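What follows is a short report on a single structure.
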Protein chains: 2
Amino acid sequence: MNSEFTIAVHSLVYLAYLPDGMASSEMLADNVGTHSARIRKVMSILRKSGYVATREGAGGGYRLTAEPDKVTLGDIYRVMALGSLMPSWCSGNPDMDCVVGSNMKEVMFGIFCTAEKHLESHFDAITIRDVLGQIRECSDCG
Amino acid sequence: MNSEFTIAVHSLVYLAYLPDGMASSEMLADNVGTHSARIRKVMSILRKSGYVATREGAGGGYRLTAEPDKVTLGDIYRVMALGSLMPSWCSGNPDMDCVVGSNMKEVMFGIFCTAEKHLESHFDAITIRDVLGQIRECSDCG
DNA sequence: TTAACTGTAACTGATATCATTACAGTATGA
DNA sequence: TCATACTGTAATGATATCAGTTACAGTTAA
């Protein structure tokens, strides 16, 4: 799976954690542990999907516009990583004579699609607020 | 996801399809659409896991030893691709001060683990015989 | 003894991934 | 208006992973 999904979730959780829900790409990059340019790329997608608002210029940055208990990991998955379950390489060849070889590609495609649907519905049950909650539990225990 | 999972499933289905359940790496490679050395690598793992028997030497090859309706894609997934759902790169850093940054790695790890468990139980419901059945349906329709 | 196999490692080229640089565009405030 | 501090985006480079291929030792049947 592409790590942009993780970066997106982390960033949204961090914004939800901050009292004013605002941070620059530099602050997010520090917290996530990557380069600010990468954060900007991910956040740009989240902006186009309506989860954050951005403000360019001095004092600008990113602000969470969606409600943390409304946005699910499923939403983020669909935007950032849809199709990542299926391997890029697939076996079989529709043109060959053998029943197995010629139909395997289609059958495996279907299997991966339903598998991904299952994955999505699992992620649909986890909100950004849930993740933030788990993080607070972590810190209480440790 | 690694395509060795697909190769393994395809190979087992093909063996289950053949009347005598036997094929050489060359035949499997033709059907799957890859190189025989790659087939041998995958089949070697399946042999160690007890799903096929191999015979070296002239007239040798691979023979399905497990029952097609007992072996599930979940079994194959666990052997060939366990852990492939989690991205290699993960965000956060346990040593940092921030509650979010320091605990995110652990929380996301847990989320990916349960997600993978869900994926496994989805795959557990599909047997090699089921896949072969879907292939025959495909060929009936087309 | 030869031919036909598997087992396995090594190498190559292609592709994916992440880090980094660069710079244009934009907003703020002195 | 000008310096400063941001985002947006493309390009580049480094590294890892993946798939194809070659090579060869070991094994078995005829």
Side-chain angles (χ1 to χ4, degrees), chain A residues 1-8 10-11 15 20 22-49 51-65 80-93 105, chain B residues 1-8 10-11 15 20 22-49 51-65 80-93 105:
Chain A
M1 160 125 38
N2 195 315
S3 61
E4 291 189 352
F5 169 71
T6 305
I7 293 176
H10 189 141
S11 298
L15 288 177
D20 60 354
M22 291 187 66
S24 68
S25 65
E26 204 63 46
M27 292 167 64
L28 287 166
D30 274 357
N31 203 267
V32 169
T34 185
H35 200 274
S36 59
R38 212 163 167 224
I39 294 287
R40 291 201 289 275
K41 187 183 167 214
V42 168
M43 298 307 282
S44 181
I45 297 174
L46 292 181
R47 170 178 58 81
K48 284 165 188 161
S49 307
Y51 300 113
V52 299
T54 67
R55 203 173 58 193
E56 300 183 14
Y62 302 91
R63 184 170 53 86
L64 189 62
T65 52
M80 305 302 307
L82 197 66
S84 66
L85 188 63
M86 181 134 27
S88 51
W89 188 94
C90 273
S91 73
N93 171 8
K105 195 161 278 193
Chain B
M1 159 129 35
N2 196 315
S3 60
E4 291 189 353
F5 169 70
T6 305
I7 293 176
H10 189 140
S11 298
L15 288 177
D20 58 355
M22 292 187 64
S24 69
S25 65
E26 205 63 45
M27 292 166 65
L28 286 167
D30 273 356
N31 203 266
V32 170
T34 184
H35 200 273
S36 59
R38 211 163 168 225
I39 294 287
R40 291 200 290 274
K41 187 183 167 213
V42 168
M43 298 307 283
S44 181
I45 298 174
L46 291 182
R47 170 178 58 81
K48 285 167 189 160
S49 307
Y51 300 112
V52 298
T54 69
R55 202 173 57 193
E56 300 183 13
Y62 302 92
R63 184 171 52 85
L64 189 62
T65 53
M80 305 302 305
L82 197 65
S84 66
L85 187 64
M86 182 132 31
S88 52
W89 188 94
C90 272
S91 73
N93 171 8
K105 194 161 278 192

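In what follows, every chain begins at residue 1, and chains take the letters A, B, ... in the order their sequences are listed. Everything numeric in this text was worked out from a predicted model, so none of it was measured.
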Closest-nucleotide 5' rank along DNA chain C - winner of S36(A) and G60(B): G60(B)

Integer-rounded Å distance: dT4(D) P and R55(A) CZ: 20 Å

So, is K41(B) near the phosphate of dG20(D), with a side-chain N or O under 4.0 Å from OP1 or OP2? no

Rounded to the nearest 0.5 Å, what separation is found between the CE atom of M43(B) and the OG atom of S11(B)? 5.0 Å

How long is the straight-line distance from CZ of R40(A) back to CD of E26(A), given to the nearest 0.5 Å? 8.0 Å

Is the phosphate of dC5(C), meaning OP1 or OP2, less than 4.0 Å from a side-chain N or O of S25(B)? no

Closest approach to the side chain of A58(A), judged atom by atom: which nucleotide of dA5(D), dG8(D), dG20(D) is it? dA5(D)

Reckon W89(B) has a side-chain N or O less than 4.0 Å from the OP1 or OP2 of dA19(C)? yes

I need the OH-P distance between Y62(A) and dT7(D), as an integer number of Å. 5 Å

T34(B) side-chain N/O to dG20(D) phosphate OP1/OP2 under 4.0 Å: yes

Taking any heavy-atom pair under 4.0 Å as a contact, classify S88(A): base, sugar-phosphate, or nothing. nothing

Can you tell me if the side-chain N/O atoms of S3(B) get under 4.0 Å from OP1 or OP2 in dA19(D)? yes

Reading DNA chain D from 5' onward, which residue's closest nucleotide shows up sooner: N2(B) or G61(A)? G61(A)

At under 4.0 Å, does any side-chain N or O of S44(A) touch on OP1 or OP2 of dT9(D)? yes

Rounded to whole angstrom units, what separation is found between the CE atom of M1(A) and the P atom of dT17(D)? 17 Å

Hey, what do you get for NE2 (H10(A)) to CD1 (I39(A)), rounding to the nearest 0.5 Å? 8.0 Å

Please determine, for the side chain of S24(A), which listed nucleotide (dC5(C), dC18(C), dT7(D)) has the closest atom? dT7(D)

Rounded distance (Å) that lies between atom C1' of dG20(D) and atom CG of L28(B): 17 Å

Using whole Å, what does the distance between atom P of nucleotide dG8(D) and atom NZ of K48(A) come to? 8 Å

Whether R40(B) contacts dG7(C) is assessed here as follows: a side-chain N or O lying under 4.0 Å from the phosphate OP1 or OP2. Is that the case? no

Ignoring the backbone of R47(B), work out which of dG20(D), dA19(C), dT8(C) is nearest its side chain. dT8(C)

Calculate the interatomic distance between D30(B) atom CG and dC5(C) atom P; express it in whole Å. 12 Å

Proximity to the side chain of E56(B) - top-ranked nucleotide from dA19(D), dG26(D), dG8(D): dG26(D)

Heavy atoms from C-beta onward define the side chain here; which of dG7(C), dT22(D), dG8(D) lies closest to that of H35(B)? dT22(D)

Please report the interatomic distance OG(S24(B)) to CZ(R55(B)), rounded to the nearest 0.5 Å. 12.0 Å

